[in-house]
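Just below is one structure, and these are the notes that go with it.
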Amino acid sequence: MYGLTGDPESWEQRLRELAPDLIEEIHERKQPSTGLPDLEVNGKAVLRFAPNPNGPATIGSVRGIVVNSEYARRYHGEFIIRFDDTDPKTKAPMLDAYTWYLDDCEYLGTVPDRVVYASDHLLEYYEYAKKLILMGKAYVCTCSRDEFKRYKDACEPCPHRDTDVDVNLKHWEQMLDGGYSEGDAVLRIKTDIKHKDPAMRDWAAFRIVLAPHPRPEIGDRFRVWPLLDFESAIKDHILGITHIIRGKDLMDSEQRQRYVYDYLGWQYPKTMHWGRMKIHEFGRFSTSAISEAISDGTYTGWDDPRVPTLRALRRRGITAAAIRKFMIDLGIAETDISLSLDNLYAINRKIVDPAANRYFFVWEPVRMEILGAPDVIATPKYHPGRDDLRKIPAGPTLYVCRTDIEGLEAGDKLRLKNLYDVEITSTEPLVARCIGGTHEAWCATCEKPRYQIIHWVPDEYVSVVVRAPDRMYEGVGETGIVDEQGNVVQFERFGFVRIDSVDTGRVVAYFAHR
RNA sequence: GCUCCGAUAGUGUAGCUCGGCCAAUCAUGCGGGGCUCUCAAUCCCGCGACUCGGGUUCAAAUCCCGGUCGGAGCACCA
């Protein structure tokens, strides 16, 4: 008998004698990894993202699109986008949002293999409802919400639970035919009325909604609509979904849906959930709250930089590659997270920096007269890593940032980047005199600049507005900016921006990050 | 009230299934330095964590029990 004492080395030595092949196994475990964990796949992987198109894709939806499509890609499977648009009233779909979702998917580099509209398949849901009624697993309930809640909380069946199948069927037909009006009847799935978790007890699968559906091809054709748990359960099976990966908020959904799967003899897909995601920069947000703020003019639209939608990130120049990496690096831990977009910005910066041209943008501009200004053309590089040069003719009048000259006094000296050195002679109004050190002179000597380097914009400028999530910057920029519409550029000493529009000498840029 | 999840540096994240090489990974952030005529990029160096209390064990981030904290569900929303 080997004793129970000893240090790890001696144990390993003993193991080496007894079972040398196990040593290797012990040593190869616990490799650090990041990103998405492997999936258990038997045959084909089919994944879906199922939004309610009652607004455009938010950062939360993006996680669903990226993670699911990434898995589909990894396992050469299928990625389906399914619009769960079965609520024409409380969270009614927005017609534009259907297109926006598809467009956003494309931006993220994943054209879905299939696009499915739940509202196209009501007859299919009815069919399964009937099947379950015939099996005695579903019943029409005409209790009011409050009444039913009382029965449910008391673990008691409501009076409709044991209705005969024939009668249930008749009531169901009446629901479909208009024999009941909105709020008068629902179809419930029979589970276990004594289930210890009240959330599981006889949940509602269909209700009557008289509001017309926003899709013109659907309109007012239907009055009985499935609720999420039923709609999703049926459709996931029909589509052959193998893995459901979504937020933790839908965890209980699985338990409810399993009743239906068991009744129908189906196998439930494998599931994974990620925890609640809260973003520092945006705080709590709901689609309906944003919608309201847009209507009342607080935000300019669904792509306002203050709004947590993908459309807004796109407008700011956050690349699809950065967003994908950001979401994938998050993995799918069930922990609730509260994160900052710093990480996303850092990823994006690395992607965008090599290609972003540099420009001077002066915010809160202050006019500066230069005494003895030589007539020169400044030639800063478009990019520090390349040799092509911008040409900025500088005269006796320049603009500099207020923040750069605040606190300065007559006699203080500054380096105007790529131009020359100046000495302040007066602050009100701002006047300075050129004291040499032109760019050519510097090139000859390569001396280090002696004074604080600031950037500037000449008298010939374009006015520039930068819309950032937290505020708006107004100022002037060098004229070359007008050729960059749609591009991400770096405003030196300011940050990366995407040039959104250029209208008659006025540029609007969206701030990405520093 | 009932039920279900979760807890690793400032923020994310790996490791937990199957206890040992974990004095705990990677990224971001922060601090210092090099380079640079941008406060960007880049390069070097550094900082910083296993929620608490018990238990099991030769050995616990990892297994068990309890507490605390955080989140979610109990809708005729998704």
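We name chains A, B, ... by the order of the sequence lines, and we start the count at 1 in each one. Keep in mind the model is a prediction, meaning the values are calculated, not measured.
Contact annotation: Lys350(A) reaches the phosphate of rU28(B) (side-chain N/O to OP1 or OP2, under 4.0 Å). Under 4.0 angstrom from either OP1 or OP2 of rA40(B) there lies no side-chain N or O belonging to Arg493(A).
Glu484(A) and Asn357(A) are linked by a side-chain donor-acceptor pair at a separation below 3.5 angstrom, with hydrogens and angles left out of the test. There is no side-chain donor-acceptor pair under 3.5 Å between Tyr151(A) and Asp202(A). When only modelled atom types and interatomic distance are considered, Tyr259(A) and Asp192(A) share no side-chain donor-acceptor pair under 3.5 Å. Side chains of Thr271(A) and Glu254(A): a donor-acceptor N/O pair is present below 3.5 angstrom, by distance only. Side chains of Ser288(A) and Ser291(A): a donor-acceptor N/O pair is absent below 3.5 angstrom, by distance only.
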How does protein reach along nucleotides 70-78 of chain B, written 5' to 3' as B (base within reach of a heavy atom under 4.0 Å), S (only sugar-phosphate), or - (no contact)? BSSBBSBBB
Could you write nucleotides 64-69 of chain B as a row of B, S and -, 5' to 3', where a protein heavy atom under 4.0 Å of any base atom gives B, of only sugar-phosphate atoms gives S, and otherwise -? ------
Across nucleotides 43-51 of chain B, 5' to 3', mark each nucleotide with B, S or - according to how protein heavy atoms within less than 4.0 Å reach it. ---------
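Across all strands, Lys417(A) comes closer than 4.0 Å to base atoms (heavy-atom distances). At a threshold of 4.0 angstrom between heavy atoms, the contacts of Pro380(A) with the nucleic acid are absent. Residue Ser253(A) is out of contact with every strand shown, counting any heavy-atom pair closer than 4.0 Å. The residue Arg358(A) sits close to a base: some heavy atom pair falls under 4.0 Å.
When the salt bridge (charged side-chain N to carboxylate O under 4.0 Å, His left out) test is applied to Lys235(A), the partners found at least two apart in sequence or on another chain are Glu124(A).
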Side-chain donor-acceptor pairs of residues 416-423 of chain A under 3.5 Å, sequence neighbours excluded:
unit_1, atom_1, unit_2, atom_2, d
Lys417(A), NZ, Glu492(A), OE1, 2.9
Asp421(A), OD1, Arg415(A), NH1, 3.0
Glu423(A), OE1, Arg433(A), NH2, 3.0

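For Arg256(A) and Asp252(A), the salt-bridge test fails: no basic side-chain N is under 4.0 Å from an acidic carboxylate O. The pair Arg358(A)-Asp353(A) counts as a salt bridge, with a side-chain nitrogen and a carboxylate oxygen less than 4.0 angstrom apart. Salt bridge status for Lys149(A) with Asp153(A): present, with a side-chain N to carboxylate O gap under 4.0 Å.
Between Tyr461(A) and Tyr399(A), the two ring planes are perpendicular [angle over 60°; tilted spans 30° to 60°].
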List the steps and the verdict of salt bridge (charged side-chain N to carboxylate O under 4.0 Å, His left out) for Asp87(A) and Arg207(A). CA-CA 10 Å; Asp87(A) 173 17; Arg207(A) 85 302 207 182; 3.6 Å; yes
Taking Watson-Crick and G-U wobble pairs with both distances under 3.5 Å, convert RNA chain B into its dot-bracket string, 5' to 3', dots for unpaired and | for cross-strand pairs. (((((((..(((.......[.....)))((((((.......))))))...(((((..]....))))))))))))....
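Nucleotides rA24(B) and rU68(B) have their C1' atoms positioned 25 Å apart, rounded to a whole Å.
For Phe206(A) and Tyr125(A), the ring centers are positioned 6.0 Å apart or more.
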